[in-house]
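Order of listing sets the numbers, starting from 1, for every ligand and every atom in it.
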Amino acid sequence: MNTEQAARRHQQLSAELHRHGRLYHSFDRPEISDADYDRLFRELLELEQAFPQLATADSPSQRVGAPPLEKFPSVRHGLPMLSLENAANDEEIGEFEARIQRFLGQSDALEYVCEPKLDGVAVELVYQAGRLTVGSTRGDGQTGEQITENLRTIAAIPLLLQEPCPELLEVRGEVYMDLAAFQALNREREEEGLPVFANPRNAAAGSLRQLDSTITARRPLQFFAYGIGRISTPLPDSHRQLLEQLRQWGLRVNLEETRLAANLSELLANFHDLQLRRDQLPYEIDGMVVKVNSLALQSELGTKTRTPRWAVACKFPPRQATTRVEDIVLQVGRTGAITPVAQLRPVEVSGVTVSRASLHNWDEIARLDVRIGDTVVVERAGDVIPDVVRVLKDQRSGQERMVPLPETCPACGGPVVKLDGEVVPRCQELSCPARLRESLKHFVARRAMDIDGLGERTLEVLLEKGLIRSVADLYSLRREDLLACPRQGEKSVDKLLKAIAGSKSRPLNRLLFALGIRHVGEHLAKVLADQFGSLEALAAADRDALLAIHEVGPQVADSVLDFFRKARNRTILDELQQSGVIPQSAVSRNTGPWSGRSFVFTGSLERLTRGQAQELVEKFGGRAAGSVSKKTDYVIAGADAGSKLDKARQLNLPILSEEDFLRMVTEQEQS
Ligand code: 5U1
């Protein structure tokens, strides 16, 4: 390929990847499967490796981060980034409306837009001629820190806007972390012995303030746009229309949770409703932002020094309660990390009874100065397991007991080491029963080998009886071993044995994740599986081969090498193979029974997630596509299927129910 051809192909690929990125992140309407996206992305990377001049700042490949900075430069906002006045209850919200009406000299009802108030970090994105040129934090409102490279790594932030777009557009919005991603990140950090983030807001802020943007790139950050600064084209009439316009340009906007209110009573109803639904949202919110919908009225109302007169933050009360720490127990994780957990006298925190609070590590214990017997304030941040936010020291009796750093493992009595730079001590004993139990729980988990029916209690009994000494032993369990476990009858044992057998052909990425190699989470497991295709190839890879992979840094490379060097791990891998654990790899695409067939899923499926459905298709060599075309072989329609189903009917394609599809899977599994 010559330079000109490469540039042309690069342009095509970039445009495709930008478009599919927008469809996925901003419109929640993907047209191609993750695997197809990955293929396009890999082709782009290969092209850029051969022609490095093509890797320009707005290439989709540039989301991986840039070389580290010394410090962030500052940047002045074109227009000040305002903050919001707060209203704590219905009365204060009523006062907000009364103030507006007084200012406007009218008593007519006003229309409002109500948006969830995300607990994240406010940022500004400057687009010039449709290109993201500068991104910054709010800072003091006038001047922020320029964090362009970090913001570029967030997939939900478009690098290019959808045309036609203004010559200049300054977008304001919130960078945040979904609760599930935040909890997974903290779990990982806890295992790594790194300090955990106190809440999703701190996690988002900490991730954005990295001088090395490759670190930001690995953090699961999200973004919603909610307003603008300067813009070079005329404005629509209302804020709601502006939000819709931002979405048209490809920005991610939380329109699904945005409500209009025709008057104050509707506004209050929205506020109470959002508060009730707060725990069901996938992200943490601390209130509802209310804005006058008419942009003409917003402009008439104007701003005070730092806050607009036309908007207010209606804040929710914190989800806190006071209780007693009855004990502090030590948990041992699969990597040996020992973490302290407070056992609480059960207390209700906004509708949920809590009896445990995570203390994370001894730095946190020292910071809070928390002791057994203390009265503490606990707070729930969208999670059932709350955090201790402070100790009520004036309630101490003098009987409270401190919890020292352990010198030996609380589970096996083995040696414990606390390495420099780590905040948790670690049990060094590879055969520690607690580590083994946690490794097994991880191995069988849904996102790993997905062995349904092997609950904690059963695992515990199998461990106690010495029937399992490593994950490989799961595959030599006999019927009678399982029948002897409590609450296991003929039927459940049959099901469990089937689940164990079924897990033998999980895709390679799942097996890699299940093995619990340090620093190899779900995403990196997929990267490694895609790159190497087999366990043998990965085990044989040297440091250079690993480091040559985009997204693999020295820490991951060393951890993978270390894993395969350990004799115990090699034995386990051999045993797994002898038991028939042969992961599915990309090879099956050319050889599987569904090779060459394409499947499209539409509507909501009841029994499978989209990811599971796609995995099943790929397991037998098929392809899960995002859109229906003449080339589609099967359309699987769930409830409320829309335009894809219509198109499938027009094209006379075979349309299956989820049940039909599962039947096809079973037939393949049994053939
Ligand atoms: N959803 C949303 N959050 N938020 C925060 N909208 C919104 N608007 C803000 C802020 C600080 O400020 C403008 C009203 C100026």
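- Among residues two or more places apart in sequence or in another chain, the side-chain hydrogen bond (donor to acceptor under 3.5 Å, both in side chains) test is passed with Asp369 by Arg371, Arg396.
- In terms of the side chain to side chain contact (heavy atoms under 4.5 Å, CB included) criterion, residue partners of Gln162 (sequence neighbours excluded) are, by chain and number, Arg22.
- A salt bridge does not link Glu115 with Arg259: none of the charged nitrogens is closer than 4.0 Å to a carboxylate oxygen.
- The existence of a salt bridge linking Lys526 and Glu522 is excluded, since no basic side-chain nitrogen approaches an acidic carboxylate oxygen closer than 4.0 Å.
- The immediate protein surroundings of ligand 1, defined as residues with any heavy atom under 4.0 Å of it, consist of Leu82, Leu84, Glu115, Pro116, Tyr226, Val289, Lys291, Trp310, Ala311.
- Annotation: side chain to side chain contact (heavy atoms under 4.5 Å, CB included) contacts of Ala311 (sequence neighbours excluded): Leu84, Lys291, Pro308.
- With Phe224 as the aromatic partner, Arg252 meets the cation-pi criteria of under 6.0 angstrom to the ring centre and within 45 degrees of the ring axis.
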